[in-house]
*Asks:* 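The following block contains the structure, expressed as structure tokens.
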Amino acid sequence: MTDWLLDRTFTSSSGEVRWATLGSPGLPPVVLLHGTPFSSYVWRAVARALAQDHQVFVWDMPGYGASQKSAGQDVSLAAQARVFTELLAHWDLGADQDGGGGRDPKGPAVVAHDFGGCVALRAHLLHGARYERLALVDPVALAPWGSPAYRLLGGHREVFERLPPALHRALVREYVSSASHQGLRPDVLDRLVEPWCGEDGQPAFFRQIEQNDQRFTDEIQDRYAELDLPVLICWGAEDSWIPPDKGRELAGLVPGAELRLLASAGHLVQEDAPAELTVAVSRFLGVDRPRATPPNPLPPAPLPPATPSPAAPPRTSP
């Protein structure tokens, strides 16, 4: 469990949030948002790569991963957007909750997956959070969303949270597995499933499904034309949870948005195509630009003096 450790805690309006940073503090900031039913763990490969050129902020949303899970907790998309705005102020990134500027008034770059996309969009459009640029990866952003099975689970939380633990674990494993087109390694699948098991995890799994309502995207869907910042939309070409046509539709609603389809990747792009996603995001963030010439470079070494070629022997007539 030490291969991905969120070692810091923030007390939010929806409970304790675990978070961490990678990369040097002086580098440009980028914040990664996970979706459901995942955690920041899905960003581990991308985050470590981006940390070469950025200070990367990762966090588990309330009710997810290592963050607090409790009865009666508000883990709705509306609550997550408020918490994200609180975190940005805590990190001194972009506008704070009083409208002032943080360490960088333009705000951080934000990369958001699945319902993290809705969280990032709500924080920006409804709460005034500032971003330098925004990358959306298979986001929950357009109606309709939520499969019949998803709605069944959310509509009968009180029944499903009483499942025997072994049956519940099998249900969650099957559900999480279906997000990948390539298939998840057993250790990765175990890591993604584990937070949803046990005394706190099992009710938390159905609590977050019950509270994820389409009205939270309906409230902002007509405002995507207001986005006035660079936007990249990445989509797994084999996403069976949210089809790529939703990516094309979203790109048509956001002025100047760039759409990138990632071949052979399902909804969980970070696991199916981590290298391809990292390249797409890195280029969008600008880290593949040539590095600036270091200050006061050493002068080039002088060339050695030319050595005259030996004279050719005189030619003689036959």
*Asks:* Looking at Ala123 and Thr85, what are the two nearest heavy atoms and their distance?
*Replies:* CB-OG1, 3.7 Å

*Asks:* State, to 0.1 Å, how close Leu27 and Ala51 come at their nearest heavy-atom pair, and which atoms those are.
*Replies:* CD1-O, 4.1 Å

*Asks:* In this structure, which one of Gln80, His34, Arg82 forms a side chain to side chain contact (heavy atoms under 4.5 Å, CB included) with Val119?
*Replies:* Gln80

*Asks:* Are Tyr64 and Phe115 an aromatic pair, judged by ring center distance below 6.0 Å?
*Replies:* yes

*Asks:* Is it true that Arg207 and Glu210 make a salt bridge, defined as a side-chain N closer than 4.0 Å to a carboxylate O?
*Replies:* no

*Asks:* Taking the six-membered ring of Phe216, is the NZ or CZ of Arg122 close enough (under 6.0 Å from the centre) and on axis enough (within 45°)?
*Replies:* no

*Asks:* Can you see which heavy atom on Phe57 is nearest to which on Pro29, and at what distance?
*Replies:* CE1-CB, 4.0 Å

*Asks:* Listed by chain and number, what are the salt bridge (Lys or Arg N to Asp or Glu O under 4.0 Å) partners of Glu276, not counting sequence neighbours?
*Replies:* none

*Asks:* Hey, is CG on Asp228 packed in by over 12 heavy atoms from elsewhere, all under 6.0 Å?
*Replies:* no

*Asks:* Using a 3.5 Å distance criterion without hydrogens, assess whether the side chain of Trp235 forms a donor-acceptor pair with backbone atoms of Ile242.
*Replies:* yes

*Asks:* Between side-chain atoms of residues 197-206 and protein atoms elsewhere (two or more places apart, or another chain), which donor-acceptor pairs fall under 3.5 Å?
*Replies:*
unit_1 : atom_1 : unit_2 : atom_2 : d
Gln202 : NE2    : Glu161 : O      : 3.0
Gln202 : NE2    : Leu163 : O      : 2.9

*Asks:* Could you tell me whether the side chains of Trp59 and Ser40 share a donor-acceptor contact shorter than 3.5 Å?
*Replies:* no

*Asks:* Below 4.5 Å, heavy atoms only, C-beta onward: do Arg157 and Ile209 meet side chain to side chain?
*Replies:* no

*Asks:* Tell me whether Trp241 contacts the main-chain N or O of Gly266 through its side chain, where contact means a donor paired with an acceptor under 3.5 Å.
*Replies:* no

*Asks:* Stepwise, does the side chain to side chain donor-acceptor pair (under 3.5 Å) test hold for Ser13 with Glu86?
*Replies:* CA-CA 8 Å; Ser13 57; Glu86 295 167 9; 2.7 Å; yes

*Asks:* Locate the shortest heavy-atom distance separating Pro62 from Val17; write the atom from each residue and the value.
*Replies:* CG-CG2, 3.7 Å

*Asks:* Looking at every non-hydrogen atom in both residues, tell me the closest pair between Cys118 and Val140 and how far apart they are.
*Replies:* CB-O, 3.2 Å

*Asks:* Checking side-chain polar atoms at under 3.5 Å, does Asp60 have a donor or acceptor matched by the opposite partner on Tyr41?
*Replies:* no

*Asks:* Looking at every non-hydrogen atom in both residues, tell me the closest pair between Trp4 and Arg191 and how far apart they are.
*Replies:* O-NH2, 2.9 Å

*Asks:* Taking Arg215 first and then Asp218, would you say they form a salt bridge - that is, a charged N and a carboxylate O separated by under 4.0 Å?
*Replies:* no

*Asks:* Which residues pass the salt bridge (Lys or Arg N to Asp or Glu O under 4.0 Å) test with Arg162, not counting sequence neighbours?
*Replies:* none

*Asks:* Using a distance-only test with no angle check, is there a side-chain donor-acceptor pair under 3.5 angstrom linking Ser180 and Asp272?
*Replies:* yes

*Asks:* Looking at Arg8 and Glu16, is there a salt bridge between them, counting it only when a charged N and a carboxylate O are closer than 4.0 Å?
*Replies:* no

*Asks:* Please list all pairs meeting side chain to side chain donor-acceptor pair (under 3.5 Å) that have one or both residues in residues 249-267, counting only residues at least two apart or in different chains.
*Replies:* Asp114-His267, Asp239-His267

*Asks:* Applying side chain to side chain contact (heavy atoms under 4.5 Å, CB included) between Ser282 and each of Leu285, Val279, Thr278, report the one that passes.
*Replies:* Thr278

*Asks:* Considering only residues two or more places apart or on different chains, which pairs with a residue in residues 19-39 satisfy salt bridge (charged side-chain N to carboxylate O under 4.0 Å, His left out)?
*Replies:* none

*Asks:* Could you tell me the separation between the NE2 atom of His124 and the CD atom of Glu226, rounded to the nearest 0.5 Å?
*Replies:* 8.5 Å

*Asks:* Okay, side chain of Gln73, backbone of Ser14: is any donor-acceptor separation there less than 3.5 Å?
*Replies:* yes

*Asks:* Which of these passes ring pair (Phe, Tyr, Trp, His ring centres under 6.0 Å) with Trp91: Phe84, Trp19, Phe10?
*Replies:* Trp19

*Asks:* Taking the side chain as every heavy atom from C-beta outward, state whether Leu250 and Pro139 have any atom pair closer than 4.5 Å.
*Replies:* yes

*Asks:* State yes or no: do Val75 and Leu192 share one hydrophobic cluster built from I, L, V, M, F, W and Y residues joined by side-chain heavy-atom distances below 4.5 Å, directly or via other members?
*Replies:* no

*Asks:* Under the side chain to side chain donor-acceptor pair (under 3.5 Å) rule, what pairs show up with a residue in residues 165-175, not counting sequence neighbours?
*Replies:* Arg169-Glu194, Arg173-Asp190

